[in-house]
There are 2 protein chains.
Amino acid sequence: MTDMRADEPALGGLRERKRRQTLQRITDAAVRLFLAQGYEATTLDAIAAEAGISRRSFFSYFRSKDDILLSLQGSFGDEVAAEVLKAPPGSTPLHAVRDALIAACAPYPADEMIVIDRLMRSSEAVQARKQASYVQQERTLFEALRERWPDPERETALRLVAMMSIGAVRLSLDALSREGGRRSLVELLGEAFEALERAI
Amino acid sequence: MTDMRADEPALGGLRERKRRQTLQRITDAAVRLFLAQGYEATTLDAIAAEAGISRRSFFSYFRSKDDILLSLQGSFGDEVAAEVLKAPPGSTPLHAVRDALIAACAPYPADEMIVIDRLMRSSEAVQARKQASYVQQERTLFEALRERWPDPERETALRLVAMMSIGAVRLSLDALSREGGRRSLVELLGEAFEALERAI
DNA sequence: TGCAAATTTGCACTTAGTGCGTATATATCA
DNA sequence: TGATATATACGCACTAAGTGCAAATTTGCA
């Protein structure tokens with residue numbers, strides 16, 4: 001389990017490294033238990049024990065049990081927003097977002113996404129917070145779009161682009177889970193945006 | 001506080017009537033306390049005491065503290081869906097939804113909506129579940145649309161219509177709160193749909 | 001009135017999450 | 001290297017939400 005790659009020579013001091021390791025250990029332990037016994041049935045005591053820390057210390061890594069699952073989502077929204085800011089001149093907002101999204105999704109393996117999605121559905125509270133995070137991502141995306149196309153006249157239109165794009169992500173992820181991964185997320189996203197453009 | 005109107009001659013038996021009264025008393029008590037001390041600072045013990053019931057009985061009226069606030073939203077989504085099913089022949093899906101939404105929103109007073117919205121923002125969990133309820137409403141709306149326009153070819157387009165419509169509701173409610181009620185929800189909804197149609 | 005069903009309640013329990021004080025490990029600098 | 005500051009880990013006691021269960025009370029109805 002020596003997880004240090006040659007090209008990442010132990011970033012930060014020992015303190016930071018240990019912290020990252022512990023964080024990973026907690027996440028791994030939690031996901032293992034969630035898959036084995038279900039989310040609700042897994043107590044924080046069990047997770048802490050499995051990760052080899054005290055119950056109290058858990059809360060210096062996560063604010064709540066829900067946050068473990070939510071952290072699996074990563075900082076997807078920010079990546080997309082950063083990409084949108086770099087959209088080449090002449091491109092349309094919708095195309096820029098589509099390309100950014102597809103580029104950002106491509107690296108993630110579908111089966112992992114499906115597992116995470118299934119886990120998240122097992123808790124109503126987590127599921128709800130996931131929906132809320134879409135709204136947050138929509139906001140982030142809108143801010144990026146407004147910075148890239150600052151014309152005040154377009155503001156409402158950009159709000160709609162953000163809304164429709166995040167909506168497309170949502171519909172695509174739903175479809176991915178529904179279909180059990182028969183088609184890739186990139187493919188589904190492409191299709192969703194195609195439908196979007198046909199409608200427009 | 002005799003709350004019986006002449007045209008509603010005590011629906012149901014005494015049991016049902018008392019139950020509705022108690023439900024109302026709990027809601028009133030809770031909202032009063034939330035406004036006075038804030039959501040998080042108000043305990044279930046306090047709500048139960050204020051409503052004149054035991055803490056244990058509270059849970060035979062609401063599944064959780066969050067549910068009190070969520071219940072204030074009403075069954076908006078179902079009303080809209082029912083209205084969409086009755087859309088006149090020849091109307092387009094987007095117009096049908098727009099009209100249904102505007103009709104359904106009209107009766108609710110803006111200031112009340114703003115108060116509820118503000119209360120909901122005071123709890124992250126409640127706010128999250130509110131976003132989740134939008135997703136649910138989107139699903140309900142889509143089902144209604146598919147029933148009214150059953151052509152399988154249009155299914156994806158109808159999914160998008162549902163998404164954009166609920167999105168418009170979300171953006172309009174946000175704007176209502178942001179503007180503090182200077183413009184009515186009906187007006188804001190109309191504007192949102194106008195922008196939507198311009199984009200299409 | 002008397003019996004069945006629904007409602008209310010108290011009590012004990014589990015779990016999530018917080019505050020606080022202390023011990024221990026790591027970082028920094030002389 | 002050693003002293004000191006700082007971050008981390010932990011134990012303990014606490015609050016508050018939510019559940020299961022069984023007894024007590026109230027209501028519906030014959």
Side-chain angles (χ1 to χ4, degrees), chain A residues 9-27 29-31 33-34 36-71 119-120 122-129, chain B residues 4 9-27 29-30 33-34 36-71 119-120 122-129:
Chain A
L11 258 80
L14 173 59
R15 211 170 245 175
E16 260 182 74
R17 228 178 318 145
K18 270 182 87 169
R19 193 171 178 80
R20 269 196 302 273
Q21 279 175 13
T22 306
L23 189 71
Q24 193 59 51
R25 235 177 33 247
I26 297 173
T27 306
V31 169
L33 292 174
F34 291 161
Q37 339 173 319
Y39 178 80
E40 313 276 5
T42 304
T43 67
L44 288 183
D45 283 299
I47 297 172
E50 180 87 3
I53 58 170
S54 75
R55 199 184 108 82
R56 191 64 188 80
S57 295
F58 169 86
F59 290 102
S60 81
Y61 287 91
F62 290 99
R63 284 176 52 216
S64 71
K65 189 174 152 185
D66 293 356
D67 280 21
I68 306 173
L69 285 185
L70 290 166
S71 77
L119 273 178
M120 285 189 153
S122 66
S123 157
E124 203 192 331
V126 172
Q127 183 66 12
R129 289 190 57 191
Chain B
M4 296 181 289
L11 259 79
L14 173 58
R15 216 166 240 175
E16 261 183 74
R17 224 180 319 143
K18 269 184 87 172
R19 194 170 177 81
R20 268 199 301 275
Q21 280 175 13
T22 306
L23 188 70
Q24 192 59 52
R25 238 180 26 251
I26 297 174
T27 306
L33 291 174
F34 291 162
Q37 338 172 320
Y39 179 80
E40 313 276 8
T42 304
T43 67
L44 288 183
D45 284 298
I47 296 172
E50 180 87 3
I53 58 169
S54 74
R55 197 184 109 81
R56 192 64 187 80
S57 295
F58 169 85
F59 290 103
S60 81
Y61 289 91
F62 291 99
R63 285 175 52 216
S64 70
K65 190 174 152 187
D66 293 356
D67 280 20
I68 306 173
L69 286 185
L70 290 165
S71 77
L119 274 178
M120 287 190 153
S122 65
S123 156
E124 204 192 331
V126 172
Q127 183 65 11
R129 289 190 55 191

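Every chain is numbered from 1 and lettered A, B, ... according to where its sequence line falls, protein lines coming before strand lines.
- A side-chain donor-acceptor contact under 3.5 Å links B:R25 to the backbone of B:A51.
- Between B:R17 atom CZ and C:dT7 atom P the separation is 15 Å, expressed in whole Å.
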Got a list of protein N/O to nucleotides 17-21 of chain C N/O distances below 3.5 Å?
unit_1 : atom_1 : unit_2 : atom_2 : d
C:dG17 : OP2    : A:K65  : N      : 2.9
C:dG17 : N7     : A:R55  : NH2    : 2.3
C:dG17 : O6     : A:R55  : NH2    : 3.3
C:dG19 : N7     : A:R56  : NH2    : 2.8
C:dG19 : O6     : A:R56  : NE     : 2.4

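- As a whole-Å value, the separation of A:Y61 OH from D:dT8 C1' is 7 Å.
- B:S122 is not listed as a side-chain neighbour of B:E40, based on a closest heavy-atom distance of 4.5 Å or more.
- Between the C1' atom of C:dT26 and the CD atom of A:E16 lies a distance of 12 Å, rounded to the nearest Å.
- For B:Y39 and D:dA16, the OH to C1' distance is 12 Å, given to the nearest whole Å.
- Between the CZ atom of A:F62 and the CD1 atom of A:I47 there is a distance of 9.0 Å, given to the nearest 0.5 Å.
- The side chain of A:S57 has D:dA9 as its nearest neighbour among D:dT26, D:dA9, C:dA16.
- Taking atom CD1 on B:I47 and atom P on D:dA17, their separation rounds to 8 Å, with Å as the unit.
- For the pair A:R15 CZ and D:dA7 P, the interatomic distance rounds to 7 Å; values are reported in whole Å.
- Where B:K18 and B:T43 meet DNA chain D, the nucleotide closest to each residue was compared, and B:T43 sits on the side nearer the 5' end.
- Among the protein residues, A:F62 comes within range of no part of the nucleic acid, since none of its heavy atoms lies under 4.0 Å from any strand.
- To the nearest 0.5 Å, the span separating OG1 on B:T27 from OH on B:Y61 amounts to 11.0 Å.
- The heavy-atom pair separating B:T42 from B:K65 by the smallest distance is O-NZ, 2.7 Å.
- Here the CG atom belonging to A:D66 is positioned 9.5 Å from the CE atom belonging to A:M120, to the nearest 0.5 angstrom.
- With rounding to whole Å, A:I53 atom CD1 is found 21 Å from C:dA23 atom P.
- To the nearest 0.5 Å, atoms CD1 (A:I68) and CZ (A:F58) are separated by 3.5 Å.
- What separates CD of A:Q21 from C1' of D:dT8 is a distance of 15 Å, to the nearest Å.
- The A:R19 side chain lies nearest to D:dA9 when the options are C:dT7, D:dA9, C:dA25.
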